[in-house]
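Okay, structure first, notes after.
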Amino acid sequence: MDKVMRMSSEKGVVIFTKSSCCLCYAVQILFRDLRVQPTIHEIDNDPDCREIEKALLRLGCSTAVPAVFVGGKLVGSTNEVTSLHLSGSLVPLIKPYQSILY
Amino acid sequence: MNTTSTHFVPQRRFEIYEPLNQISMWEESFKNNGGMYTPGSIIIPANEKTDSLSEDTSHGAEGTPHKYDQEASTSRHPDKIQRRLAQNREAARKSRLRKKAYVQQLETSRLKLIHLEQELDRARQQGFYVGNGVESSALGFSDNMSSGIVAFEMEYGHWVEEQNRQICELRTVLHGQVSDIELRSLVENAMKHYFQLFRMKSTAAKIDVFYVMSGMWKTSAERFFLWIGGFRPSELLKVLLPHFDPLTDQQLLDVCNLRQSCQQAEDALSQGMEKLQHTLAESVAAGKLGEGSYIPEMTCAMERLEALVSFVNQADHLRHETLQQMHRILTTRQAARGLLALGEYFQRLRALSSSWAAKQREPT
């Protein structure tokens, strides 16, 4: 889906969320703790919400939200983010986008 | 008074049902059957279909029916013979049906008894006074436990037994000389055992997420440390760390990084949970004053509760990954010591719960 491709390839860390989703909130907190300012797309406020959901699932995300993209590439949902972070592979991935000031 | 053993012919058919009192029950029902049965004259024709509960596969081996007809009069009156035969067949059929019902009742009661015994054990462990029926009903378990949760508890009982066995084995081998290969397989088994628990919890969470969230299957001291349905991964690392010495510099760095990322993931999940509680509270509190238990935003509240299942799964995923990473960083021997330390830690928590419960029951 064009919209999703466009939104996901924005610079930095992009997260698709829903306003009611508390796991999405947890993922945002994690990135904030890692000194990253992700671009958040709250899809439940978008008229194409269903289409976006389907597109995210088709792209290979285990759950539609939260869907995390880094540098245009899909990282995955909460499971994938957790695994990456604990293995030490998440920080190198987001290093270019971490703010220096904290 | 009829003796018990000679009534049922052939005896083989009923040998799986041992207790004499069962047989005497049948006596009673036979007597109540209007006296259609006389001692020694029960006839069970071999060609009649066996009822489903008869597990006696030797039925087919019986050829002719056994006759124990001792009454002389029937030999001169064929009609009477036929009638007697019919009556006996009928009596036998009814007896089999009653027995079937009785056995099914027994089976159900047996399962219920196992379940109740487990509940009592657990309740005692958790320090509840379990005396007469009044107290145990106050625990509120029985009515609300679905069969899936009962199954989970039984499975968990086995899990703990296996856990204790594995810990014992680890302890023994680590005291002596053991090859790395043997140690590796023990470590693998221990890891798989924990992963199995996470799978069990995932299934249980779909059935009753509050049960899993509250750690209901755990002992009281374990529940004191509860975090989203289980142990805190960061605590786990704290417990294990002293047992890994000596660590190489690389290992030390990796462990420090793991501790930090684990803590960050844990904090993120905790904050997500807080938000969930907050939004659920809002949903429940919304609406006009004076509407009693009516929840205007019921759909919303239910959706929040669904999210709880995801959180439980995420917490277990974090535990899973923490264990996995520890396994990656450590040598086999270090991992074995760590798993022993972890297992013993939980054993001690369980022992603490028992001691505390025992102390509570002491008369003051």
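Numbered from 1 within each chain, the chains take letters A, B, ... in sequence-line order.
Heavy-atom distances place the side chain of Gln314(B), and not its backbone, under 4.5 Å from chain A. Only the side chain of Gln325(B) has a heavy atom closer than 4.5 Å to any heavy atom of chain A. Neither the backbone nor the side chain of Leu90(A) comes within less than 4.5 Å of any heavy atom of chain B. Heavy atoms closer than 4.5 Å to chain B are found in both the backbone and the side chain of Ser20(A). For a residue to count as touching a neighbouring chain, one of its non-hydrogen atoms must lie under 4.5 Å from one of that chain's; by this rule Thr322(B) touches chain A with backbone and side chain alike.
Expressed to the nearest 0.5 Å, how far CG of Leu34(A) lies from OG of Ser261(B) amounts to 9.0 Å. Considering CZ of Arg304(B) and SG of Cys21(A), their distance stands at 9.5 Å, rounded to 0.5 Å. If you take SG on Cys22(A) and CD on Glu274(B), they are separated by 11.0 Å, rounding to the nearest 0.5 Å. Atoms OG and CG, from Ser310(B) and Asn79(A) in turn, are 10.0 Å apart once rounded to the nearest 0.5 Å. Here His278(B) contributes atom NE2 and Tyr25(A) contributes atom OH; the two are 9.5 Å apart, rounded to the nearest 0.5 Å.
Here the options are His320(B), Gln324(B), Glu321(B), the test is side-chain contact (heavy atoms from CB on, under 4.5 Å), and the partner is Leu86(A); only Glu321(B) passes.
For the set Thr63(A), Val81(A), Thr82(A), the count of heavy-atom pairs under 4.5 angstrom toward chain B peaks at Thr82(A).
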Check against side chain to side chain donor-acceptor pair (under 3.5 Å), Thr78(A) and His317(B): CA-CA 10 Å; Thr78(A) 342; His317(B) 180 68; over 6 Å; no
Quick one: do Arg32(A) and Gln271(B) satisfy side chain to side chain contact (heavy atoms under 4.5 Å, CB included)? Show the steps, please. CA-CA 12 Å; Arg32(A) 192 196 63 187; Gln271(B) 291 193 52; 4.2 Å; yes
May I have the step-by-step check of side chain to side chain contact (heavy atoms under 4.5 Å, CB included) for Leu30(A) and Leu269(B), ending in yes or no? CA-CA 9 Å; Leu30(A) 179 64; Leu269(B) 268 184; over 6 Å; no
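More than 12 heavy atoms of other shown residues, nucleotides or ligands fall within 6.0 angstrom of atom CZ in Arg165(B). Heavy atoms of other residues, nucleotides or ligands lying less than 6.0 angstrom from CG of Asn45(A) number more than 12.
Between Val91(A) and Asn257(B), every side-chain heavy-atom pair lies at or beyond the 4.5 Å cut-off. Between His85(A) and Cys262(B) there is no side-chain heavy-atom pair separated by less than 4.5 Å. Contact check for Ile29(A) versus Asp267(B): no side-chain heavy atoms found under the 4.5 Å cut-off.
Across Ser19(A) and Lys275(B), no two heavy atoms sit closer than the pair O-NZ, 3.8 Å. Heavy-atom minimum distance, Arg328(B) versus Ser87(A): NH2-O, 4.1 Å.
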